Amino acid sequence: MSASEAIIATGEATGILPTGASRTPITVIGTQAIRETFDDLCIQQAINSRNAPGVTQVVLNPDAHCGYGAPIGCVMVSPSHIYPGPVGVDIKCSMSLLQLDIPAEEIEDRRVRRALIDAICERTPTGAGRGARHVAKGRVVDERLGVEALVSGASLSVCQQMGIPPEWAERCEDSAHLAHDHTADSLAMRLEELRFRNAFPNFCQKIHQLGSYGGGNHFGECEVVELRDREPDTLQAANAFGLRDGHVAFLSHCGSRGIGHQLAMGQFRELQCKFAEWGIPLPGGDRELVYAPLGSPEADAYIDDMSLGANFATVNHLMINALVLEAFQEVLPGCTGSLVYFISHNIARKEIVDHRPAWVHRKGATRAFPAGHHALADTPFAETGHPILLPGNPQAGSSVMVATQGAEKSCYSVNHGAGRRLGRKRAIRELDQKAVDQSFDAADILTNCRQYPRDEAPATYKDFEEVLRSVEKADLAREVARLRAKFVIKDGSAADD
DNA sequence: ATGTCC
């Protein structure tokens, strides 16, 4: 039986995979059209993850596709083990949304939008590369403050020193990540140890990347908020989120940049060496699925490194939002902005699953706690559920959703976007540059790119409507607002040849 | 995702 034949559909929206008589099957979220997008390797990765030691549940989301060890677009739960691969190479890659008090009409004029693009690009660099690409009005963070950000995340002190409104920390899924022993001191010691071992060449250059987007699928996007409907539930959620219908908002997607990459790769390498040295069998024979039992020095080290990367990503996002707000204020003096939410889709968190604590690894998956969830008790979202930020593509729009009680079936998780349909190489080979650029022009969506990267064109992503239909039919979440793109900030250097 | 080949 081939891997894809192992999918058993149990309804319009969910399917299961048999993975052995005694285990809970994999939960698959997706309409039939979506399930057909899962290729054999993606399914095989899900099965390997499900059969891996200590794993009690795996959820495959509609945006799933092949990843490092585990599919991007999956949730893996373990009460006893931690898995670096199912967090991924970009630790705490996340979404954030800034609501501005600007009516949509004020940015209708293309010249205003062009000025905004320039003002934002002067502050927030895009692209990979050594350190932050030089930008005229970026913010330089020195070594001492960089260390403080890595160790304590978006603390009051860090926010104040970086010009981040401290109240934004309350609008974070997690504003700070602690060490394995729940202290920040151990994180500081771990960071010192890593630097002593020279695990961070060019540390200061990596710190300079605070406030930058990076490349690949990372982006900043100016949106107009369009509430889904005027039903009381939608209005209550929109109100709690601080969303304003018909007004401008700014959506950001980025992660922990070079430092998270260095931390993740270092962990993969070290654990793979230990598995080889000790002759431990690899789950599904895949070295990308190495793991560590909780309580072991290896697990402690991974949790610490993940937290360091996660704190960088958090401060990076908040600084980007502060810089974007500053750019808006330069072009449209007097405007104000407030953070709707900052939420990750590449992180492992300790949560309660089936009444006991477990590490929930979300790899290209978004936490989805509904109204009344115990973990939201002391947050602004206790009565509504927190905002779920899902990038679709600039032409289909992006979505703000909120979880329903049905999200329990997916370990309180949803997808993290549309998911890739075409591989990058194939997209570059098959898509016509002129057609891609003209499609943006026709939709009146401006970009900072001279040429929009073909491997990031909307056509390279799955049908966003079908993905959202999968989420709603499975009764995981409902849409609160659609975000309509007005301009995109992205690394366009690859398409420039 | 990534100092995308030190």
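Per chain, numbering begins at 1; letters A, B, ... match sequence-line order. Since we're looking at a predicted model, the values are computed, not measured.
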Solution key, residues 68-85 of chain A side-chain donor-acceptor pairs under 3.5 Å, sequence neighbours excluded:
{"from": "A/Tyr68", "atom 1": "OH", "to": "A/Gln272", "atom 2": "NE2", "distance (Å)": "3.1"}
{"from": "A/Ser78", "atom 1": "OG", "to": "A/Gly54", "atom 2": "O", "distance (Å)": "2.7"}
{"from": "A/Ser78", "atom 1": "OG", "to": "A/Ser80", "atom 2": "N", "distance (Å)": "3.2"}
{"from": "A/Ser78", "atom 1": "OG", "to": "A/His81", "atom 2": "N", "distance (Å)": "2.9"}
{"from": "A/Ser78", "atom 1": "OG", "to": "A/His81", "atom 2": "O", "distance (Å)": "3.4"}
{"from": "A/Tyr83", "atom 1": "OH", "to": "A/Pro53", "atom 2": "O", "distance (Å)": "2.7"}

Which atom pairs, one a donor and one an acceptor, fall under 3.5 Å between side chains of residues 392-400 of chain A and the rest of the protein, sequence neighbours left out?
{"from": "A/Asn393", "atom 1": "OD1", "to": "A/Gln395", "atom 2": "N", "distance (Å)": "2.8"}
{"from": "A/Asn393", "atom 1": "OD1", "to": "A/Ala396", "atom 2": "N", "distance (Å)": "2.8"}
{"from": "A/Gln395", "atom 1": "NE2", "to": "A/Ser439", "atom 2": "OG", "distance (Å)": "3.1"}
{"from": "A/Ser398", "atom 1": "OG", "to": "A/Gly392", "atom 2": "N", "distance (Å)": "3.1"}
{"from": "A/Ser399", "atom 1": "OG", "to": "A/Glu479", "atom 2": "OE2", "distance (Å)": "2.6"}

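Side-chain contact annotation: A/His261 with A/Asp90, donor-acceptor N/O pair under 3.5 Å absent.
The side chain of A/Asp491 lies closest to B/dT4 when the candidates are B/dG3, B/dT4, B/dT2.
Separating the CD atom of A/Gln205 from the C1' atom of B/dC6 is a distance of 14 Å, rounded to the nearest angstrom. For the pair A/Leu210 CG and B/dG3 P, the computed distance is 13 Å after rounding to whole Å. In this structure, the CG atom of A/Asp90 is 6 Å from the P atom of B/dT2, given to the nearest Å. Atom P of nucleotide B/dC6 and atom CG of A/Asn198 are separated by 16 Å, given to the nearest angstrom. What separates CG of A/Leu263 from C1' of B/dG3 is a distance of 15 Å, to the nearest Å. Here B/dT2 presents its C1' atom at 12 Å from CZ of A/Arg269, a figure rounded to the nearest Å. Following rounding to the nearest Å, A/Asn316 (CG) and B/dT2 (P) show an atom-to-atom distance of 10 Å. For the pair A/Asp455 CG and B/dT2 P, the computed distance is 13 Å after rounding to whole Å.
Backbone-only engagement by A/Gly216 is indicated by non-hydrogen atom pairs under 4.0 Å involving sugar-phosphate atoms exclusively. As judged by a 4.0 angstrom heavy-atom cut-off over every strand, A/Gly88 is placed among residues making no nucleic acid contact.
No cation-pi contact links A/Arg287 to A/Phe275, judged by a cut-off of 6.0 Å to the six-membered ring centre and 45° from its axis.
Residue A/Gln209 has no polar side-chain atom (N or O) positioned under 4.0 Å from OP1 or OP2 of B/dT2.
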